[in-house]
2 protein chains.
Amino acid sequence: MNLKELAQSLGLSPTTVSRALNGYPEVSEATRRRVLDAADAHNYRPDTRATALATGRAMRIGHVITLSTTHEMVNPVFADFITGASEIYSQNGYDIALSVVSDADEAASYRTLAAKRAVDGIVVHAPKIDDPRIELLNEIGLPYVVHGRASAVTAPYCWVDVNNRGAFRRATEFLVDLGHRRIALINGLERLDFAMRRRDGYLAGLSARRLSPDPALMASDEMTESYGYLAARRMLTSGAPPTAILAASIIVAMGARRAIEERGLRLGRDISMIAHDDELSYFDNGGEEPNFTALRSSVRDAGRRVAQMLISRIAAPEGPTMSELLEADLMLGRSTGPALHAEA
Amino acid sequence: MNLKELAQSLGLSPTTVSRALNGYPEVSEATRRRVLDAADAHNYRPDTRATALATGRAMRIGHVITLSTTHEMVNPVFADFITGASEIYSQNGYDIALSVVSDADEAASYRTLAAKRAVDGIVVHAPKIDDPRIELLNEIGLPYVVHGRASAVTAPYCWVDVNNRGAFRRATEFLVDLGHRRIALINGLERLDFAMRRRDGYLAGLSARRLSPDPALMASDEMTESYGYLAARRMLTSGAPPTAILAASIIVAMGARRAIEERGLRLGRDISMIAHDDELSYFDNGGEEPNFTALRSSVRDAGRRVAQMLISRIAAPEGPTMSELLEADLMLGRSTGPALHAEA
DNA sequence: CAAAACGTTCAAAGCGCTTTGGTATTTTGC
DNA sequence: GCAAAATACCAAAGCGCTTTGAACGTTTTG
């Protein structure tokens with residue numbers, strides 16, 4: 001059933017039917033009712049392709065996720081992010097177009113997406129410190145919002161980010177104040193902006209408490225469980241093990257916990273750990289009494305906010321750029337405690 | 001730059017340019033070269049909406065993921081599945097349209113997707129035992145492939161599945177043969193077909209070895225880490241704890257391991273565990289020497305096969321239905337060993 | 001009471017592409 | 001050397017929708 005047929009079956013012109021369906025005022029209420037009822041009865045939906053062509057709007061948002069050729073993995077945060085974003089999208093009639101591209105094809109893929117007119121806007125995931133995508137998108141003129149920031153990019157752009165630096169500084173100082181002096185950072189890939197900021201916050205926290213960092217206590221890699229395990233094990237079996245660990249995600253923390261328990265240490269007593277918690281649905285850290293003491297910040301909520309911002313941006317592409325900084329709450333759990341042999 | 005402008009800039013008609021770009025034979029090689037070069041120079045891409053409208057093909061595959069209103073979570077396997085599928089899609093010029101819908105809106109959302117002509121085909125995720133989506137899609141006439149099966153559905157349909165029953169039966173018998181008599185199953189949601197089949201396989205394995213199941217050793221829920229933990233803890237602290245556990249996923253197994261270690265038990269010695277391993281990229285179970293003894297079956301590979309099958313199906317929607325049964329390999333790891341106090 | 005205004009409807013053009021059904025021009029076959 | 005076939009191109013219709021501009025009958029206004 002298409003518009004023409006529907007119109008014919010009602011003895012109306014396509015024009016009138018279209019206006020009735022789209023809520024234009026110049027159609028009588030009686031006719032509108034008839035049209036709406038008939039559309040319903042026939043389960044009529046306008047063909048998206050035709051509508052998009054006629055209106056110039058695709059009503060579709062592009063999400064490009066990048067597989068680095070070396071790592072080739074999709075971060076599980078994506079699943080929760082998209083769940084949040086899609087709530088907002090569906091409220092506003094938008095669909096999601098998902099592309100998975102290798103980082104070599106990334107620039108080309110953005111250009112193509114724009115040239116094909118496949119989407120009205122784009123969400124940029126996992127920005128690097130000097131991410132070329134931002135300048136590229138500015139040049140192309142396709143509306144976008146960055147989830148995260150790109151510290152080295154000077155051009156203005158819209159973003160939603162967590163205060164990673166502040167959170168990690170806070171957590172570090174919290175651990176120092178518990179008496180810990182050897183605090184490890186098991187970080188994400190530090191070419192990604194969020195991980196760089198976390199390291200910065202960690203270093204700032206140490207420095208604020210007059211401690212100097214030990215490179216042997218700092219690791220950086222893709223945030224898998226086994227990475228968490230291997231990094232923690234290496235540190236714990238070294239001559240000068242940490243008494244506390246800052247982990248970049250619950251998954252990393254789970255790996256680290258494995259190493260800790262394998263060493264026969266008791267988490268929260270022999271060693272402390274704070275994890276960043278994106279509140280992924282499959283990795284619930286407990287509600288009011290978390291397992292891990294954690295920096296909590298819902299990535300699903302971030303998805304909602306990014307989606308909302310992008311929709312505003314699409315409505316007003318030339319307006320001033322927007323940004324939103326979310327705070328991560330420090331939630332006390334059972335994985336932290338005073339350092340056993342505090343020197344001070 | 002659109003087709004008309006490109007044609008004008010070349011002094012050709014849109015017809016000829018279109019044919020040149022689409023590889024039709026009735027255009028001279030010299031002209032084709034000129035057109036291709038010009039298209040390249042201007043970074044011209046045909047407008048997808050116009051192309052889709054004119055050809056009737058959207059070149060887009062729909063993936064509908066369902067949030068149950070009670071659970072509201074997106075399984076992390078989705079990220080890896082889509083990575084595999086998108087490899088095949090991009091080789092064949094297809095895009096992905098992603099919808100996240102609550103299970104109440106599910107039927108409506110399929111109907112809408114078809115009526116809107118938004119996609120050429122659909123992948124059905126996480127089928128339930130008597131999944132109504134299959135009949136619905138047959139009725140609508142939209143090509144689709146099911147990742148998994150729906151045991152109670154009698155209508156023919158295309159599917160790709162892992163031999164869950166066989167794998168879990170094998171694993172159960174393996175554990176019995178190691179001397180275990182109290183074997184727990186920490187399963188996924190048993191209204192989902194794959195989980196039901198796994199339970200069947202588990203029960204068949206017990207039965208083949210003349211053991212009767214103990215309901216206290218069987219759990220079923222969404223496969224989160226904390227579920228694995230809580231289920232294992234409950235069983236381990238009961239009067240008659242298991243000596244071996246079958247876990248539905250690596251994530252569940254990680255939760256179970258937490259409970260095991262918390263009890264001061266040593267995995268592989270005091271208690272055995274076999275996990276189903278979808279080879280999720282963030283949960284590497286080790287390569288040749290896995291951490292967990294595991295039933296290994298790559299969900300990314302399943303994504304590739306589903307995508308391939310769907311593309312064939314779209315090309316020949318009326319052909320005979322296809323299906324593919326993948327086997328899960330039992331990989332010996334460090335989490336299994338002989339039962340300590342074997343009775344027989 | 002004619003003119004203007006209004007409310008409701010429609011015909012037709014246009015979005016950017018593909019594809020049908022041509023038409024010139026060149027090449028081939030006899 | 002000429003009809004037939006092949007080659008290389010194009011005009012125009014059509015995909016299903018939105019939207020502009022016009023038309024119609026009715027009501028209001030001066």
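Order of the sequence lines sets the chain letters (A, B, ...), proteins ahead of strands, with each chain counted from 1.
- Counting any heavy atom pair closer than 4.0 Å across all strands shown, B:R19 reaches a base atom.
- Between A:R32 atom CZ and C:dG7 atom P the separation is 14 Å, expressed in whole Å.
- Counting only heavy atoms from C-beta on, B:L3 has its side chain closest to C:dT18 among C:dG16, D:dC17, C:dT18.
- Closest approach to the A:S18 side chain among D:dT19, D:dC9, D:dG14 is made by D:dT19 (side chain taken as heavy atoms from C-beta onward).
- One finds no salt bridge joining B:R117 and A:D47 here, because no Lys/Arg side-chain nitrogen approaches an Asp/Glu carboxylate oxygen to under 4.0 Å.
- Of all nucleotides listed (C:dT18, C:dT8, D:dC17), C:dT8 comes nearest to the side chain of A:E26.
- For A:N2, taking side-chain heavy atoms from C-beta onward, the closest of the listed nucleotides D:dG16, D:dC9, C:dT9 is D:dG16.
- Residue A:Y24 places no side-chain N or O under 4.0 Å from the OP1 or OP2 atom of D:dT18.
- For B:K4 and D:dA12, the NZ to C1' distance is 13 Å, given to the nearest whole Å.
- Note: CG (A:L10) to P (C:dT8) measures 17 Å, nearest angstrom.
- A salt bridge links B:E72 with A:R300: the closest approach of a Lys/Arg side-chain nitrogen to an acidic carboxylate oxygen falls below 4.0 angstrom.
- Ring orientation note: the planes of A:F78 and A:H63 are nearly perpendicular, at an angle over 60° on the 30°/60° scale.
- B:E5 has its CD atom 10 Å from the C1' atom of C:dG16, to the nearest Å.
- At a cut-off of 3.5 angstrom, counting only N and O atoms as typed in the model, there is a donor on one side and an acceptor on the other between the side-chain of A:T15 and the base of C:dA11.
- Atoms CG (A:L53) and C1' (D:dT19) sit 13 Å apart, rounded to a whole Å.
- Of the side-chain N and O atoms in A:Y44, one or more sit less than 4.0 angstrom from OP1 or OP2 of D:dC17.
- Remark: aromatic rings of A:F194 and A:H147 are distant, center separation not under 6.0 Å.
- Here B:R49 lies out of heavy-atom contact (under 4.0 Å) with every strand.
- Atom CZ in B:R57 sits roughly 13 Å away from atom C1' in D:dC15 (whole-Å rounding).
- Among the nucleotides C:dT18, D:dG16, D:dG21, the one closest to any side-chain atom of A:D47 is D:dG16.
- Comparing C:dG16, D:dC9, D:dC17 by their nearest atom to the side chain of B:L12 picks out D:dC9.
- Under a 3.5 Å cut-off, the side chain of A:N43 and the backbone N or O of A:A39 do not form any donor-acceptor pair.
- Between A:S13 and C:dC10, a side-chain N or O to OP1/OP2 separation shorter than 4.0 Å is present.
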